[in-house]
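To keep things clear, I will list the structure first and then write my remarks on it.
Keep in mind the model is a prediction, meaning the values are calculated, not measured.
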Amino acid sequence: MFSEIIKNVKSNTPLVHNITNYVTVNDCANILLACGGSPIMADDIDEVEEITSICNALVINIGTLNSRTVESMLKAGKKANELNIPVILDPVGAGASKFRTDTAFRLLKAVKFAVIRGNMSEIKTVGKDSTSGTRGVDASVDDTITEENIDETVKYINSLSERLSAVVAVTGAIDIVADGTRAYVIRNGHPFMSKISGTGCMLSSIIGAFCGVNKDNFSGATAAAVCAMGLCGELAYEKMKKNDDGTSSLKCHLIDFMSKIDAEMLKEGAKIEIR
């Protein structure tokens, strides 16, 4: 299903401009290298347009906002739109504070995003359907995607995708990627991935790499990235458990497996359905 998408990433080494948060910036750089991409991190307003101009994709992550970088995000996003470079938004913690929420809405108004990825609470905030459920950067328990509410959730995310004119990716116990007409339901991953910081941020960067060289199929590229990250998390947990390692090793194993992922591994390990 995703062989051509993976091949495009491995053979083209997409350069991804990340305006991201300082908690996970190193992890995002390393996971991009591992998946076959190339990272560049730049957030000064005097260079973001130039940097974006030479890249295949731009990833905007609001995890550690400040007033200076918000302006840089807006400027880089507009330049990416001008050059038809895909922009990915990770609205980390949207709904947790007025500043974060207002910034997410400013970005959505000023920049056209190819993909918006977040947990369910963040996505509901972005969709103006809730502003009170986010637990810091974690989703509210009330927003957990389950087998019982998945049909309703797929319908909602498809509707939101159409309304925002962007692929919407919601990650959690069950992941959903929707483009307004169809949805990928993905059951890869492991609960232990929540024990390390940055897995969501890393995924958003990977989505940037996958979309940057698959511009004709943002929804498929996003689903492939989500599957790959989840599968690598499963394999990393198995290795951690086998070696009696701890959570810091899980992050290392995760990056290791991402460096090994290929079309055949993804074909065999993907747990995905299309609705």
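Counting only residues at least two apart or in different chains, ring pair (Phe, Tyr, Trp, His ring centres under 6.0 Å) contacts with residues 225-247 comprise His190-Tyr237, Phe192-Tyr237. For residues 5-14, the set of pairs meeting the side-chain hydrogen bond (donor to acceptor under 3.5 Å, both in side chains) definition, not counting sequence neighbours, comprises Asn8-Asn214.
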*Could you please spell out the steps behind the side-chain hydrogen bond (donor to acceptor under 3.5 Å, both in side chains) verdict for Asn18 and Ser205?*
CA-CA 7 Å; Asn18 297 262; Ser205 292; 2.8 Å; yes
*Residues Asn217, Glu4; criterion side-chain contact (heavy atoms from CB on, under 4.5 Å); working and verdict*: CA-CA 11 Å; Asn217 188 8; Glu4 193 66 25; over 6 Å; no
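Formation of a donor-acceptor pair under 3.5 Å by the Asp262 side chain with backbone atoms of Met265 is found in this model. Thr125 contributes a side-chain N or O that, together with a main-chain N or O of Ser121, makes up a donor-acceptor pair within less than 3.5 Å. Looking only at distances, no side-chain donor or acceptor of Lys112 sits under 3.5 Å from a matching main-chain atom of Pro86. Between the side chain of Thr103 and the main chain of Phe99, a donor-acceptor pair closer than 3.5 Å is present.
Leu108 contributes atom CG, which lies 8.5 Å from atom NZ of Lys128 (distance to the nearest 0.5 angstrom). Taking CG of Asp216 as the start and CD1 of Ile5 as the end, the distance is 8.5 Å to the nearest 0.5 Å. Atom CD1 of Ile207 and atom CE of Met229 lie 9.5 Å apart (nearest 0.5 Å). Summarising the geometry, atom OG1 belonging to Thr20 is positioned 10.5 Å from atom CD1 belonging to Ile60; distances are rounded to the nearest 0.5 Å. In this structure, the separation between SG on Cys252 and NZ on Lys239 is 10.0 Å, given to the nearest 0.5 Å. Going from atom CG of Asn243 over to atom CG of Leu250 covers 11.5 Å, rounded to the nearest 0.5 Å.
Summarising the geometry of His253 relative to Met240, their closest heavy-atom pair is CD2-N, 3.8 Å, with the distance given to 0.1 Å. Contact record, Gly208 with Val59: CA-CG2, 4.0 Å, taken as the closest heavy-atom pair. Taking each heavy atom of Ile186 and Ala223 in turn, the nearest pair found is CD1-O, 3.8 Å. When all heavy atoms of Cys227 and Phe2 are compared, the pair lying nearest together is SG-CE1, 4.1 Å. Between Ser219 and Arg182, the shortest heavy-atom contact is OG-NH2, 3.8 Å. Nearest heavy atom pair, residue Asn188 against residue Gly269, reads ND2-O, 2.9 Å.
Linking Ile, Leu, Val, Met, Phe, Trp and Tyr whenever their side-chain heavy atoms come within less than 4.5 Å puts Val170 and Leu164 in one cluster. The hydrophobic cluster containing Val16 also contains Val213, counting ILVMFWY residues as joined when their side-chain heavy atoms lie under 4.5 angstrom apart, directly or transitively.
No side-chain heavy atom of Thr199 sits under 4.5 Å from any side-chain heavy atom of Thr24. You'll find the side chain of Met41 stays beyond 4.5 Å of the side chain of Ile51, heavy atoms only. Within the 4.5 Å cutoff, side-chain heavy atoms of Ile40 are placed close to those of Cys55. With contacts defined as side-chain heavy-atom distances shorter than 4.5 Å, the pair His17/Asn56 does not qualify. Taking the side chain as every heavy atom from C-beta outward, Leu254 and Met258 never approach each other to under 4.5 Å. Contact of the Leu107 side chain with the Phe113 side chain is registered, since non-hydrogen atoms from C-beta on lie closer than 4.5 Å. Using a 4.5 Å heavy-atom cutoff, the side chains of Leu83 and Thr52 are not in contact. Between Thr101 and Lys98 there is no side-chain heavy-atom pair separated by less than 4.5 Å.
Ion pairing between Arg100 and Glu122 fails under the 4.0 Å rule for side-chain N and carboxylate O. Salt bridge Glu234/Lys271: present, at least one basic N to carboxylate O contact under 4.0 Å. In summary, Glu273 and Arg187 engage in a salt bridge, as defined by a charged side-chain N under 4.0 Å from a carboxylate O. Using a cutoff of 4.0 Å between basic side-chain nitrogens and carboxylate oxygens, Lys79 and Glu82 are scored as salt-bridged.
The only member of Val154, Ile174, Asn119, Thr171 that meets side-chain contact (heavy atoms from CB on, under 4.5 Å) when paired with Ile145 is Ile174. Screening Asp90, Asp175, Thr222 for a side chain to side chain donor-acceptor pair (under 3.5 Å) involving Arg117 leaves a single residue, Asp90. Of the residues listed (Asn61, Val70, Asp44, Val48), the one engaging Ile19 in a side-chain contact (heavy atoms from CB on, under 4.5 Å) is Val48, and it is the only one.
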Residues 25-38 side chain polar contacts: donor-acceptor under 3.5 Å, at least two apart:
unit_1	atom_1	unit_2	atom_2	d
Asp27	OD2	Lys251	NZ	3.0
Asn30	ND2	Asn26	O	3.2

